[in-house]
Protein chains: 2
Amino acid sequence: MLRLSKRVEYGLVALQFLAKRGQATGQSAATVREISDECNVPYDLLAKIMQELKRDGLISSFQGVRGGYALMMAPSQISLTRIVNALEKETSITECTSTSDECCHREGVCTIKGPMHAFQGAMEQLMSSMTVAQLL
Amino acid sequence: MLRLSKRVEYGLVALQFLAKRGQATGQSAATVREISDECNVPYDLLAKIMQELKRDGLISSFQGVRGGYALMMAPSQISLTRIVNALEKETSITECTSTSDECCHREGVCTIKGPMHAFQGAMEQLMSSMTVAQLL
DNA sequence: ACGATACAGGACTGAAAGAGTCCGATTTGC
DNA sequence: GCAAATCGGACTCTTTCAGTCCTGTATCGT
């Protein structure tokens, strides 16, 4: 459907929330519960997303009471490409442009592979130009 | 998954096929069977796709024996946006940017709607710049 | 020490979309 | 009339996605 997954959408909302808090207080830390409540996003799902963002190094976590998550970098440094890569396994626009798969089933006959690679590059460039800073 | 559907992929392949034939012979007409066989694309599915492309005015059809499909415009005039619009119901990158839906469930609280609209516009511009002519 | 709070992470369900198939109807050239 | 082709509905199967549930682990405050 050519749509961003809810995971990415919620990830954007959460990162925006952290960035806003950082703007206001200098400290961007917040708990999943806070973000979930204020942004109206399902708690359990968001918890998973935050874990993945942490694994990718976009945010850091603090365990225990008074714990939470905080940004690891400036909002202007967090691109949409980065978020998508953190939250989605497959990021290629077609099977043909995937690095893991063996192109499409039209192997050797795939006549759109080249142009699709070019398009994929343009898409990635576009997504790289969009950052969390633009959500503030 | 942010991936073009197979429908769009096959549509591109088919339009490319017609365009190539037009380049070679001056006449771009071809049957579904021809395209299906030569491009290694499932016949029944492609048949549906061609019907939709016709409904959208991208190609014309000729019924009966010696029938088939032919391009209705120059390959350089057929953009990816046009193809996607013809073959997919929903084209918005998020729920928030959809015209039909009532934004997302975070109504009134959706903090990313504005920026997402801007991004959607950039995406559409990118897709408009890619045409069938670039597949030749 | 203990309990409340918060992250860590696996397993599971239900709904929706996608890809592909099958079947029948209609049109038309030879 | 027959064969080849577009039309078009209905259907199945698989995969992905969103969301939930449950258990474990860390840590702060009292």
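Note on naming: letters A, B, ... go to the chains in the order of the sequence lines (proteins, then strands), and numbering restarts at 1 for each one. Computed from a predicted structure; not experimentally measured.
For the pair B:L53 CG and D:dC7 C1', the interatomic distance rounds to 15 Å; values are reported in whole Å. For the pair A:L87 CG and D:dA18 C1', the interatomic distance rounds to 14 Å; values are reported in whole Å. Remark: P of C:dA17 and CZ of A:R3 are 9 Å apart, rounded to the nearest angstrom. When the P atom of D:dC7 is taken as reference, atom CD1 of B:I59 falls 8 Å away, rounded to whole Å. The CD-C1' distance, from A:Q51 to C:dA6, rounds to 11 Å in whole Å. The CG-P distance, from B:L45 to C:dC22, rounds to 13 Å in whole Å. Here the C1' atom of nucleotide D:dA18 and the CG atom of A:L4 are 15 Å apart, to the nearest Å. Residue B:Y69 contributes atom OH, which lies 15 Å from atom P of C:dT27 at whole-angstrom precision.
When the side-chain nitrogen and oxygen atoms of B:S61 are compared with OP1 and OP2 of D:dA5, none of them lie within a distance under 4.0 Å. At C:dC7, none of the side-chain N or O atoms of A:R33 fall inside 4.0 Å of OP1 or OP2 (strictly under the cut-off). Close to C:dG18, at under 4.0 Å from its OP1 or OP2, lies no side-chain N or O of B:Y10.
Residues passing the side-chain hydrogen bond (donor to acceptor under 3.5 Å, both in side chains) test with A:T94 are A:T97, sequence neighbours excluded. Evaluation of the salt bridge (charged side-chain N to carboxylate O under 4.0 Å, His left out) rule for A:E34 yields A:R21 as partners, not counting sequence neighbours. Listed by chain and residue number, B:E95 satisfy the side-chain hydrogen bond (donor to acceptor under 3.5 Å, both in side chains) test with A:K6 (two or more places apart in sequence, or in another chain). For B:D37, there are no salt bridge (charged side-chain N to carboxylate O under 4.0 Å, His left out) partners two or more places apart in sequence or in a different chain. Shown here are the salt bridge (charged side-chain N to carboxylate O under 4.0 Å, His left out) partners of B:D56, two or more places apart in sequence or in another chain: B:R82. Residues satisfying the salt bridge (charged side-chain N to carboxylate O under 4.0 Å, His left out) test with B:E52, not counting sequence neighbours, are B:R7. Taking the side chain to side chain contact (heavy atoms under 4.5 Å, CB included) definition, one finds that A:N85 meets it with A:T81, A:T91, sequence neighbours left out. For B:T111, the side-chain hydrogen bond (donor to acceptor under 3.5 Å, both in side chains) partners at least two apart in sequence or on another chain are A:Q16.
For the pair B:S61 (side chain) and B:Y69 (backbone), a donor-acceptor distance under 3.5 Å is absent.
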Between N or O atoms, less than 3.5 Å apart, protein on one side and nucleotides 21-28 of chain D on the other: list the pairs.
residue, atom, partner, partner atom, Å
D:dA26, O4', A:Q63, OE1, 2.9
D:dA26, O3', A:Q63, OE1, 3.4
D:dT27, O2, A:V65, N, 3.4

Expected rows: protein N/O vs nucleotides 15-17 of chain D N/O, under 3.5 Å:
residue, atom, partner, partner atom, Å
D:dC17, OP1, B:M1, N, 3.3

Just distance, no hydrogens or angles: give the donor-acceptor pairs under 3.5 Å from side chains in residues 129-136 of chain B, sequence neighbours left out.
residue, atom, partner, partner atom, Å
B:S129, OG, B:L126, O, 2.6
B:T131, OG1, B:A133, N, 3.3
B:Q134, NE2, B:S129, O, 2.9

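Of the residues in residues 25-32 of chain A, not one comes within less than 4.0 Å of DNA chain D through any heavy atom.
Checking A:E90 against A:S92 by side-chain atom types alone, a donor-acceptor pair falls below 3.5 Å.
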